[in-house]
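Please read the structure below before turning to the comments.
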Number of protein chains: 2
Amino acid sequence: MKPQPLFQALADPSRRRILKLLQPGALSAGELSDHFAFSLASLSHHLSILKSADLICAERRGQHIIYSLNTSVTEELYRLIADLLKVTSGEPA
Amino acid sequence: MKPQPLFQALADPSRRRILKLLQPGALSAGELSDHFAFSLASLSHHLSILKSADLICAERRGQHIIYSLNTSVTEELYRLIADLLKVTSGEPA
DNA sequence: TTCATAGTTAGAAGTATATCTAAATATTTA
DNA sequence: TAAATATTTAGATATACTTCTAACTATGAA
């Protein structure tokens, strides 16, 4: 997992809101779009950023593409944050 | 703790590197500056962003201002991430 | 095959961010 | 007080990001 795309992806409030919306279950781009004022094209752009950061998965189901949280990345994200903010106090790594 | 300034602050690789550099202990702006190619003014700008996000503390000591990690924010950050990425699966909050 | 629906991609415009140099502020020393 | 050191602030520039509209691709139905 690369830190930069991950932190970058989380830096936008709309993208964090997308993650929240996906918590109860997978949704299509169209369903997600109902919750935002911007265009479907902009949403699609946000989704591609979240996908590149491995925060979500995409799966085509007929005409729709449904998006779901990639929860496996959560653990790794915890570790990243811990590594970033822990105090080493001179102990060896 | 406001999520937006926090995630925004973490989105820049130089700022994350500053956090790493402060892990073994507090450093002055000048000492931090030795580790970066950009100017001291730019470093100062990054420090002010980290400070606004409550990720670091500043304390004047004579001519120097020394910066240290604000580790108390770590716990809150964990919770934020957990809240963001957990799967609710229809359970009540 | 043609039409309709769902979503992505391309290119442009406006805003925000990172960086620079130069000037300003604060503290210590002479 | 004046000079030196440490850091911040101001204003400018270049790059990156978010968003838009329009055009394109893919799937399903007529």
Side-chain angles (χ1 to χ4, degrees), chain A residues 2-22 24-70 77 84, chain B residues 1-22 24-70 84:
Chain A
K2 300 228 172 79
Q4 187 51 31
L6 192 53
F7 281 111
Q8 194 108 292
L10 294 173
D12 184 89
S14 299
R15 287 194 289 266
R16 293 199 302 277
R17 189 150 157 245
I18 290 172
L19 296 177
K20 293 291 291 176
L21 287 167
L22 293 179
L27 293 173
S28 68
E31 287 169 322
L32 281 168
S33 184
D34 293 341
H35 296 83
F36 295 95
F38 49 66
S39 71
L40 187 61
S42 297
L43 177 71
S44 182
H45 180 239
H46 285 306
L47 289 171
S48 88
I49 289 172
L50 289 169
K51 215 163 34 178
S52 299
D54 251 336
L55 284 164
I56 61 173
C57 312
E59 186 190 351
R60 184 173 276 277
R61 196 169 292 178
Q63 270 166 296
H64 300 76
I65 298 177
I66 62 154
Y67 291 92
S68 54
L69 284 183
N70 179 10
L77 187 51
L84 200 58
Chain B
M1 182 174 61
K2 301 230 170 78
Q4 187 51 32
L6 192 54
F7 282 111
Q8 194 110 293
L10 294 174
D12 184 90
S14 299
R15 288 195 287 266
R16 293 199 302 277
R17 187 148 158 244
I18 290 172
L19 295 177
K20 292 291 291 177
L21 288 166
L22 293 179
L27 292 172
S28 69
E31 288 170 321
L32 280 168
S33 185
D34 294 341
H35 296 82
F36 295 95
F38 49 67
S39 72
L40 188 59
S42 296
L43 177 71
S44 183
H45 180 239
H46 285 306
L47 290 172
S48 88
I49 289 171
L50 290 170
K51 214 162 34 177
S52 300
D54 251 336
L55 285 164
I56 60 174
C57 311
E59 187 190 350
R60 183 172 277 277
R61 197 170 289 177
Q63 270 166 296
H64 299 77
I65 298 177
I66 61 153
Y67 290 93
S68 55
L69 283 184
N70 180 9
L84 200 59

Just the rounded figure in Å: distance from P of D:dT8 to NE2 of B:His46. 13 Å

Base, sugar-phosphate or nothing for B:Arg15? Non-hydrogen atoms, less than 4.0 Å. sugar-phosphate

Nearest 0.5 Å, please: how far is OG in B:Ser33 from CG in B:Leu27? 11.5 Å

Between P on D:dT7 and CG on B:Asp34, what's the gap in Å once rounded to a whole number? 10 Å

Give every pair of a protein N or O atom and an N or O atom of nucleotides 5-9 of chain C that lie under 3.5 Å apart, one pair per line with the distance.
| unit_1 | atom_1 | unit_2 | atom_2 | d |
| --- | --- | --- | --- | --- |
| C:dT5 | O2 | A:Gln63 | NE2 | 3.4 |
| C:dG7 | OP1 | A:Ala29 | N | 3.1 |
| C:dG7 | OP2 | A:Gly30 | N | 2.8 |
| C:dT8 | OP1 | A:Tyr67 | OH | 2.1 |
| C:dT8 | OP2 | A:Ser44 | OG | 2.6 |
| C:dT8 | O5' | A:Ser44 | OG | 3.1 |

Would the distance check show the side chain of A:Arg17 and the main-chain N or O of A:His35 forming a donor-acceptor pair, the cut-off being under 3.5 Å? yes

Counterpart residues, salt bridge (Lys or Arg N to Asp or Glu O under 4.0 Å), relative to A:Lys51 (two or more places apart): none

Interatomic distance, CG@B:Leu43 vs OG@B:Ser39, rounded to 0.5 Å, equals 8.0 Å

Measure the distance from CZ on A:Phe38 to P on D:dC17 and round it to the nearest whole Å. 16 Å

When rounded to whole Å, the CG to C1' distance for the pair B:Asp12 and C:dT17 reads 9 Å

Does a side-chain N or O of A:Gln8 approach OP1 or OP2 of D:dC17 to a distance below 4.0 Å, or not? yes

Taking the six-membered ring for Trp, are A:His46 and A:Phe38 closer than 6.0 Å centroid to centroid? yes

In whole angstrom, what separates A:Ile49's CD1 from D:dA16's P? 14 Å

Between atom CZ in B:Phe7 and atom P in D:dT18, what is the gap in whole Å? 15 Å

Distance in angstrom units between B:Glu59 CD and C:dA26 P, rounded: 18 Å

Would you please confirm or rule out a distance under 4.0 Å between OP1 or OP2 of D:dT19 and any side-chain N or O of A:Ser39? no

Under 3.5 Å, side-chain donor or acceptor atoms of residues 53-68 of chain B against the rest of the protein: list the pairs with distances, not counting sequence neighbours.
| unit_1 | atom_1 | unit_2 | atom_2 | d |
| --- | --- | --- | --- | --- |
| B:Arg60 | NH1 | B:Gly62 | O | 3.1 |
| B:Arg60 | NH1 | B:Gln63 | O | 3.4 |

